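First up is the structure itself, then whatever we jot down about it.
Whatever order the structure lists ligands and atoms in, that order sets their numbers, starting from 1. All values derive from a computational prediction rather than experimental measurement.
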Amino acid sequence: MEVDHIVCSLMFFVISIVHSSAAPALFAGQRTENWKNFYMAQEYLDKYYEDHTQPIGMLTSTDSMSTKLRKMQAFLGLQASGKLDSATIQAMKQPRCGVPDVARYRHFPGKPKWEQSAVTYRIKKYTSSMHRADVDTAIDLALKAWSEAAPLNFAKMTSGEADIMVSFEVRDHGDSYPFDGPRGTLAHAFAPGEGLGGDTHFDDEERWTMGINGFNLFTVAAHEFGHALGLGHSTDPTSLMYPTYKYQNPIGYRLPQDDVKGIQSLYGPRKQAPEKPQFPPQQPPQQPPKQPSPPFNPTICDPNISFDAVTVLGKELLFFKERYVWHRQTQLTSVKPNFISSSFPHLMANVDAAYNVPDTGNAYFFKGPYYWKTTGNQILWQSHPISDFGFDSNIHQVDAAVYMKETGTTLFFVGNLCYSYNEEKQKMEKGYPKKTDEEFAGIPSKVDAAAEVNGSLYFFSGSKVYKYDNEAEDVVSVTKTSSWIGC
Ligand code: TQI
Ligand code: CA
Ligand code: ZN
Ligand code: ZN
């Protein structure tokens with residue numbers, strides 16, 4: 001509603017300008033009316049192109065009227081002349097004035113949209129303030145938020161010209177919308193179309209992060225992609241397209257209702273789930289993706305529960321499953337699930353494997369082709385490629401990991417194979433990988449998680465846990481996985 005009002009007023013503004021230049025002989029009364037409209041329009045233009053588009057507490061820019069006009073034209077997918085040409089006037093006439101509308105999202109005039117369901121994107125220039133893999137993750141998750149709501153599939157390209165070219169730029173960068181250094185404008189995106197259309201630029205003088213400090217890349221990217229897909233700003237304060245920065249947790253992120261309505265009004269609803277899992281990025285179909293299981297409820301004690309990863313950390317045993325982690329004091333049996341995000345980086349939901357080296361206090365968490373490291377209580381945001389451990393480039397994920405105190409080595413499980421990594425030499429041991437069921441008699445060929453507790457190795461495989469005795473070189477007991485979290 002508010003934006004309708006703005007656009008309507010802008011129309012007056014446009015008409016007044018056109019009149020005053022093309023027909024200078026006006027009635028005095030009409031002249032006053034024109035100035036009134038002009039001030040009103042200016043006020044609204046200021047509001048629309050400054051206050052609302054600036055994150056709270058940011059400096060106000062001092063764009064001239066024509067700069068604002070150019071900005072507006074650019075984002076409306078028009079030639080950015082800064083002048084009130086007929087195309088601009090035409091475009092501004094498009095929105096209906098005074099038509100009541102319950103939805104609060106907006107389109108661009110003319111409703112530009114992508115005509116094909118497969119939209120390509122390419123990250124052309126990265127930022128130095130984040131690890132590349134984290135940029136990939138943030139961008140992929142931001143696109144995923146939209147592809148979950150509408151029948152759009154985003155295909156990543158690593159070369160050539162994509163529909164949505166993503167880049168980090170500073171100051172002048174060739175599209176006549178120079179960035180302004182720290183704060184002020186954070187990013188911009190062009191409405192769907194040829195050439196610059198869909199392209200999304202981020203100001204590389206901002207501090208981009210994966211977390212809550214600086215500007216969260218996922219949050220800003222998700223908003224910008226809304227523009228790149230054809231949405232303008234919404235007046236619904238709970239929407240992603242509302243022009244105020246508010247950190248959004250990328251894990252488990254669901255597009256707010258207003259944005260879902262907005263994107264579906266352009267592209268219709270999504271019928272089947274997105275084609276490929278978007279995380280980890282570029283994961284080849286070497287291992288079949290995990291079956292989409294019904295939503296997991298951690299408060300119900302499932303006797304057939306399995307875990308994604310298990311590790312000892314300090315005096316605690318940690319059990320990971322999807323978005324949840326159970327902390328168990330080695331002695332106590334009563335444990336309650338917590339959100340992973342309450343104690344770990346949000347992106348560590350659905351971890352594949354985890355292990356801890358008590359001597360150094362370092363813990364490692366694996367997810368897809370990346371791992372994160374923590375030292376003490378400090379979680380290092382940076383993710384690293386798992387190839388650091390010496391895995392072949394065709395290994396894109398590990399299933400389980402466990403550090404063995406006695407030997408100072410870490411065992412990694414990948415499919416039906418196991419690897420042994422020497423923590424001191426920081427090298428894979430010779431002769432590996434080996435077949436898991438040949439190396440550890442009695443263990444299923446595929447394990448989900450592994451942990452060493454009180455000198456014994458425990459292998460988690462589905463709903464069962466196998467206790468392995470190194471001396472006996474055999475399984476000595478089998479328990480239910482669920483009993484480990486006291487149910
Ligand atoms: N950039 C503006 C934005 O994306 C650019 C812009 C102004 C714009 N008016 C527009 C884009 C109209 C399309 C249509 O909104 S920004 C936020 C906020 C910005 C602002 O740098 O000010 C976000 C970028 F305000 F919502 F937090 C991202 Cl999330
Ligand atoms: Ca800036
Ligand atoms: Zn740009
Ligand atoms: Zn915006």
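- For the pairing with His233, the side-chain hydrogen bond (donor to acceptor under 3.5 Å, both in side chains) check across Arg106, His223, Arg104 returns one residue only, His223.
- Taking the six-membered ring for Trp and thresholds of 30 and 60 degrees, Phe366 and Phe389 have ring planes inclined between 30 and 60 degrees apart.
- With sequence neighbours excluded, no residue forms a salt bridge (charged side-chain N to carboxylate O under 4.0 Å, His left out) with Lys111.
- By the 3.5 Å distance cut-off applied to N or O atoms, Tyr242 is not counted among the residues near ligand 1.
- Heavy-atom contacts of Val220 reach the following atoms of ligand 1: 28 (C) (cutoff under 4.0 Å).
- Aromatic ring centres of Phe365 and Phe320 lie closer together than 6.0 Å.
- Atoms of ligand 1 found under 4.0 Å from any heavy atom of Phe108 (numbered from 1 in listed order, with element): 14 (C).
- No hydrogens or angles considered: nothing links the side chains of Tyr242 and Asp258 as a donor-acceptor pair under 3.5 Å.
- At a heavy-atom distance under 4.0 Å, only side-chain atoms of His233, from C-beta outward, approach ligand 1.
- Outside the 6.0 Å centre-distance limit, the rings of Phe225 and Tyr121 are not counted as a close aromatic pair.
- Asn216 and Tyr245 share no donor-acceptor pair across their side chains, judged by distance under 3.5 Å alone.
- Angle NE2(His227) to the Zn ion (ligand 4) to NE2(His223): 100° [nearest 10 degrees].
- Taking distance alone, with nitrogen or oxygen atoms compared against 3.5 Å, His223 approaches ligand 1 more closely than that limit.
- Atoms of ligand 1 lying under 4.0 Å from at least one heavy atom of Tyr245, given by number and element, are 18 (C), 25 (F), 26 (F), 27 (F).
- A donor-acceptor contact under 3.5 angstrom links the side chains of Gln116 and Asp163, judged on distance only.
- Within the listing of ligand 1, atoms 21 (O) sit less than 4.0 angstrom from a heavy atom of Thr185.
- Between the side chain of Thr127 and the backbone N or O of Ser129, at least one donor-acceptor pair lies under 3.5 Å.
- Considering only residues two or more places apart in sequence or on other chains, Tyr324 meets the ring-ring contact (aromatic ring centres under 6.0 Å, His included) condition with Phe296, Phe339.
- In this structure, Ala187 counts as a contact residue of ligand 1, since one of its heavy atoms falls inside 4.0 Å of the ligand.
- Note on the Ca ion (ligand 2): protein N, O or S atoms under 3.0 Å away count 6, no waters included.
- Note on residues 184-206: pairs passing salt bridge (Lys or Arg N to Asp or Glu O under 4.0 Å), not counting sequence neighbours, are Arg171-Glu205.
- Of the listed options Asp180, Thr244, Leu186, Leu186 places a heavy atom closest to atom 21 (O) of ligand 1.
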